[in-house]
Amino acid sequence: MSWMWNPNGDAPKAVPAKDMVRDPTDPNRLVTNKSANKPFLAYKEYKDHQQQLHDDWVQRQTERQEKIARGEDGGPDERDPTAQEEVGVVGLLKFIVYLLLITALAGRFFTGSFLWEYKGKWARLKTYWPDDAGRLFSENYLAGFDGTDENRPVYIAIGGEVYDVSSNRATYGPGGAYHAMAGVDASRSFGTGCFATHRTHDLRGLTDKELQSVEHWKNFFAEHETYYKVGRIIHPPIDPQSPTPEPCDPKKVRAAHTTKPVEGSKPEEQPRPSTNSAPEHEEL
């Protein structure tokens, strides 16, 4: 009940004079030197120091100009010690380098990989320094890179682009599941799934889904972490009057009102044609 006898509360305790300093924003006011005020007081001290450095520099510059006017040696020109440096191109490049370095070290710490486990084509040196990526192949020359010669790499082509798939020789080399695609531009088979009979770049007559499947695999090889482009293949023009390759799917054959079998293979032995949502070529 003591508050009833002292409704105004206890008088605040006087702060020792040694703990009082002038307010940086009002020289006529004193504030305590407590922890909460120290950042503001330190900033004021820093600004005062910077101002003093600038004033001293101005004085030296004035004296230098007066000496020069009298024909005396004024000494070298002095830069304002308080002037803020512009970042410039070099500074920007340094910032980018430091940022990349910090990002790489963070990736190594958190994921164990400097590239944050990214393994796409941009992480390969051959993307920036390709080995003869501008080479031109004829169909006969490309056929020599089907993996039968162990001293040569294994190449496949899709959409006219030639890729080195030697890192997966077990799949594309002799005896591999997709050896039929090696040494040839078998773009059509990537859309239809007819790996044995559609070893051609002729895309005439494909459905939208089949064309989308071809695009899917073109992007797959272009973005693969171990495959890389080595050149392009030059094809002779396709005669527009020539027949398009026949489907290997019996249903499509019947739909085309033909009973002619696919030469050299039985329908039940052929892979099913791919769809846009689930391409049949699943090496990978």
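The first residue of the sequence shown is numbered 1, and numbering continues consecutively from there. Values below: all heavy atoms of this structure, side chains included; hydrogens, waters and symmetry mates excluded. All figures in this text were calculated on a predicted structure; none of them were measured in a lab.
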Open item on the list: What verdict does the side-chain contact (heavy atoms from CB on, under 4.5 Å) test give for Ile234 and Ser138, after you've listed the backbone C-alpha separation in whole Å, the side-chain angles of each residue and the deciding distance to 0.1 Å?
Closed with: CA-CA 5 Å; Ile234 302 175; Ser138 66; 5.9 Å; no
TODO: Would you check, one step at a time, whether the test side-chain contact (heavy atoms from CB on, under 4.5 Å) holds for Leu211 with Thr207?
DONE: CA-CA 6 Å; Leu211 290 174; Thr207 64; over 6 Å; no
- [ ] Apply side-chain contact (heavy atoms from CB on, under 4.5 Å) to the pair Asn168 and Thr171, showing each step before the final yes or no.
- [x] CA-CA 6 Å; Asn168 202 358; Thr171 298; 2.9 Å; yes
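We find that Glu63 and Arg60 are not joined by a salt bridge, their nearest charged nitrogen and carboxylate oxygen being 4.0 Å or further apart.
Between Phe145 and Tyr141, the ring planes are perpendicular. Angles over 60° get that label, and only those under 30° would be called parallel.
A donor-acceptor pair is defined here as one N or O able to donate and one able to accept, closer than 3.5 Å; such a pair exists between the side chain of Arg108 and the backbone of Gly112. Of the possible donor and acceptor atoms, none in the side chain of Ser213 sits under 3.5 Å from a partner among the backbone N and O of Lys209.
Test Tyr163, Trp217, Phe221, Tyr155 against Tyr227 for ring pair (Phe, Tyr, Trp, His ring centres under 6.0 Å) and you get one pass: Phe221.
Residues Asp73 and Lys67 form no side-chain contact, since every pair of their non-hydrogen atoms from C-beta on lies 4.5 Å or further apart. For the pair Arg188/Pro245, a side-chain contact is recorded, criterion being any heavy-atom separation below 4.5 Å from C-beta on. Contact check for Glu215 versus Lys218: side-chain heavy atoms found under the 4.5 Å cut-off. Asp185 is listed as a side-chain neighbour of His235, based on a closest heavy-atom distance under 4.5 Å. By the 4.5 Å heavy-atom criterion applied to side chains, Arg199 and Met181 are not counted as neighbours. At a threshold of 4.5 Å between non-hydrogen side-chain atoms, the residues Leu92 and Val89 do not count as touching. Inter-residue side-chain proximity for Trp57 and Glu78 is flagged as met; some heavy-atom pair is nearer than 4.5 Å. Taking the side chain as every heavy atom from C-beta outward, Val162 and Lys229 never approach each other to under 4.5 Å.
Note that the CG atom of Leu100 and the CZ atom of Phe95 stand 9.5 Å from one another [nearest 0.5 Å]. Rounding to the nearest 0.5 angstrom, the gap separating the CZ atom in Phe114 from the CG atom in Leu101 is 9.0 Å. For the atom pair CG of Asp48 and CG of Leu53, the computed distance is 11.0 Å after rounding to the nearest 0.5 Å. Rounding to the nearest 0.5 angstrom, the gap separating the CG atom in Leu206 from the NE2 atom in His198 is 8.5 Å. The distance from atom NE2 of His54 to atom CG of Asp56, rounded to the nearest 0.5 Å, is 10.5 Å. Rounding to the nearest 0.5 Å gives a distance of 11.5 Å between OG1 of Thr103 and CD1 of Ile96.
Judged purely by distance below 3.5 Å, without hydrogens or angles, the side chains of Asp146 and Thr148 pair a donor atom with an acceptor atom. Counted by atom type alone, Asp164 and Ser166 present one or more donor-acceptor pairs between their side chains at under 3.5 Å. When only modelled atom types and interatomic distance are considered, His201 and Ser187 share no side-chain donor-acceptor pair under 3.5 Å. Using a 3.5 Å distance cut-off with no hydrogens or angles, the side chains of Gln212 and Asp208 do not pair a donor with an acceptor. Using modelled atom types, one finds no donor on one side chain facing an acceptor on the other under 3.5 Å when comparing Asp55 with Gln59. Side-chain N/O atoms of Gln61 and Gln65 include no donor and acceptor closer than 3.5 Å.
Placement of Phe195 and Ile156 within a single hydrophobic cluster is found when ILVMFWY residues are connected by side-chain heavy-atom separations under 4.5 Å, directly or transitively. The hydrophobic clustering, which links ILVMFWY residues whose side-chain heavy atoms are closer than 4.5 Å, places Val184 and Ile233 apart.
Counting non-hydrogen atoms of neighbouring residues, nucleotides and ligands closer than 6.0 angstrom, the CD atom of Glu72 exceeds 12 such neighbours.
What you find for Pro174 and Gly147 is that their closest heavy atoms are CD-O, 3.3 Å. Taking both residues in full, the closest heavy atoms of Arg204 and Thr244 are given as CB-CG2, 3.7 Å, listed atom of the first, atom of the second, then distance. Nearest heavy-atom pair, Ser189 versus Ala186, reported as atom, atom and distance to 0.1 Å: OG-O, 2.7 Å.
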